[in-house]
Amino acid sequence: MNRVPVKLANAPAPFPPAELPDLSAAGLDTALASASVRGAHGDPLLFARALAAGVEQDPAAATDRDRALDLVAIAAWRSGALGLRDDALARLGHLDTPEQRLAAAATLGVGVDVLDEFRRRQQTDRFWWPGRVDQRGYVLAVGGFRGIGGAWIRPPERVETLADAGAFALLVAGSWWRLDSDVWGARLSVLSEAPSTVHSRDDGVSIVIGPDTHLAWVHVRDQA
C-alpha cells in the first residue's frame with residue numbers, strides 16, 4: 001500500500017515529458033495559465049505535458065484561440081485544478097472535428113474510443129476513468145504522514161460526508177479537514193470547526209481509513 005498521497009490515474013505517468021506549448025499565436029499566455037493552474041491546486045508539470053499531448057494531435061490549436069482555450073481548460077482540469085471541472089466537461093461536449101476529439105482525448109490521457117463514455121460517466125460519477133476497474137475501485141489517496149511530506153501527524157479517525165459532490169470531512173488529531181476531490185484532483189483544507197450538518201449519498205463513494213495508515217483512500221463501489 002502506498003505511504004504517500006497518490007492519484008492512481010497518474011500512476012504510471014500518463015504523459016511523456018514535454019515543454020509547455022507556446023500558444024502566443026492564438027493569443028494565449030501559457031506561462032500565465034500554468035501559474036493559474038498552480039494557484040488552483042493543479043500540477044503545472046502535468047498541465048504542460050497534458051497540453052502538449054493535445055496540441056500535438058491538433059496543431060491548429062496553436063493559432064486558433066477557441067481550440068487553444070478548449071485544450072487549456074481540459075489540461076488544467078486534467079492536472080488537478082478542480083475548479084475547471086464544469087468548464088472542461090462542457091467543452092468536451094462541443095468538439096466539432098475529429099482532430100479536436102483526438103486532441104481532447106490525448107489531453108485527458110484516454111483513448112479517443114472512450115472519450116464519449118468518459119464524458120457521459122463523468123456527468124454522474126466524478127471519479128470514473130477507464131482504469132478504475134483495474135484498481136478495484138480505488139481512485140486516490142490523500143493525507144500521509146507529515147514527517148515524510150504528508151499532511152497529518154496521526155491517522156484519520158472519522159469521516160463525514162458533506163453536501164457538495166466529492167466533498168468529505170475528516171477528523172485528524174482533533175482537527176477537522178475538508179477534502180474536495182474528483183478523479184484528477186484532490187484538495188485538503190483545515191476547517192475552523194466541526195461540520196454542522198452531514199449528508200448521506202447513495203453513489204458508492206466512500207473514504208477508507210485505518211488505524212495503521214495516515215492515508216485516506218477514495219474508493220468507489222461498482223454499482224449493481
Side-chain angles (χ1 to χ4, degrees), residues 1-18 20 34-53 75-85 107-110 122 125-162 164-191 204-222:
M1 184 66 75
N2 296 74
R3 295 185 178 183
V4 296
V6 63
K7 301 176 184 67
L8 294 179
N10 293 339
F15 306 102
L20 186 65
S34 179
S36 297
V37 164
R38 183 187 298 276
H41 304 279
D43 179 344
L45 179 60
L46 189 59
F47 170 72
R49 292 179 174 183
L51 183 58
W77 177 41
R78 180 61 181 83
S79 71
L82 291 169
L84 271 294
R85 170 185 169 79
T107 303
L108 291 169
V110 303
Q122 277 287 323
D125 181 355
R126 66 194 291 116
F127 296 105
W128 190 85
W129 94 100
R132 191 174 73 189
V133 65
D134 296 329
Q135 302 293 345
R136 297 175 292 117
Y138 287 94
V139 179
L140 57 87
V142 298
F145 178 50
R146 188 177 299 171
I148 55 173
W152 298 328
I153 60 172
R154 295 179 188 169
E157 55 199 83
R158 181 177 163 191
V159 179
E160 300 289 357
T161 302
L162 302 179
D164 298 327
F168 299 87
L170 299 99
L171 180 62
V172 185
S175 297
W176 283 95
W177 293 67
R178 178 183 172 110
L179 167 65
D180 292 282
S181 56
D182 73 0
V183 62
W184 306 134
R187 181 173 67 247
L188 283 171
S189 54
V190 179
L191 294 171
V205 181
S206 62
I207 303 296
V208 179
I209 60 175
D212 58 348
T213 177
H214 289 73
L215 294 176
W217 281 90
V218 175
H219 180 268
V220 183
R221 184 185 71 251
D222 285 337

Test side chain to side chain contact (heavy atoms under 4.5 Å, CB included) on V6 and W217; report intermediate values, then the result.
CA-CA 9 Å; V6 63; W217 281 90; 3.7 Å; yes
Taking only residues two or more places apart in sequence, or in another chain, which ones meet H41 in a ring-ring contact (aromatic ring centres under 6.0 Å, His included)?
none
Residues two or more places apart in sequence or in another chain: which of them pass ring-ring contact (aromatic ring centres under 6.0 Å, His included) with F15?
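Once residues adjacent in sequence are excluded, F15 has no partner under the ring-ring contact (aromatic ring centres under 6.0 Å, His included) criterion.
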For a 4.5 angstrom cut-off between non-hydrogen side-chain atoms, does [X] reach [Y]?
{"X": "R132", "Y": "D125", "result": "yes"}
{"X": "W129", "Y": "L108", "result": "no"}
{"X": "R78", "Y": "N10", "result": "yes"}

Taking only residues two or more places apart in sequence, or in another chain, which ones meet R126 in a side-chain hydrogen bond (donor to acceptor under 3.5 Å, both in side chains)?
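Not a single residue meets the side-chain hydrogen bond (donor to acceptor under 3.5 Å, both in side chains) criterion with R126.
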Who pairs with R158 by side-chain hydrogen bond (donor to acceptor under 3.5 Å, both in side chains), at least two apart in sequence or on another chain?
E160
Would you please test V220 and W128 for side chain to side chain contact (heavy atoms under 4.5 Å, CB included) and show each step?
CA-CA 9 Å; V220 183; W128 190 85; over 6 Å; no
Contacts of type salt bridge (Lys or Arg N to Asp or Glu O under 4.0 Å), residue R85, not counting sequence neighbours:
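Expected list: D182.
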Tell me, please, which residues at least two apart from D212 pass salt bridge (Lys or Arg N to Asp or Glu O under 4.0 Å).
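If we apply the salt bridge (Lys or Arg N to Asp or Glu O under 4.0 Å) test to D212, skipping adjacent residues, there are no hits.
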If you round to the nearest 0.5 Å, how far is CG of D180 from CG of L162?
8.0 Å
Nearest 0.5 Å please: distance from the CZ atom of F145 over to the CG atom of L215.
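Result: 12.0 Å between the selected atoms.
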Of all the heavy-atom pairs spanning [X] and [Y], show the shortest one and how long it is.
{"X": "G42", "Y": "P44", "answer": "O-CD, 3.4 Å"}
{"X": "R49", "Y": "P17", "answer": "NE-CA, 3.5 Å"}
{"X": "P155", "Y": "P211", "answer": "CG-O, 3.5 Å"}
{"X": "A169", "Y": "L191", "answer": "CB-CD1, 4.2 Å"}
{"X": "V172", "Y": "R154", "answer": "CG1-O, 3.3 Å"}
{"X": "A9", "Y": "W184", "answer": "CB-CZ3, 3.5 Å"}

Would you please name every residue forming a side chain to side chain contact (heavy atoms under 4.5 Å, CB included) with [X], sequence neighbours left out?
{"X": "D164", "result": "A167, R178"}
{"X": "L20", "result": "T30, S34, F47, A48, L51"}
{"X": "V142", "result": "L140, W152, L179, A186, L188, A216"}
{"X": "E157", "result": "L171"}

According to the interplanar angle, ranging from 0 to 90°, do the rings of Y138 and H219 count as parallel (below 30°), tilted (30 to 60°) or perpendicular (above 60°)?
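It falls in the perpendicular class, over 60°.
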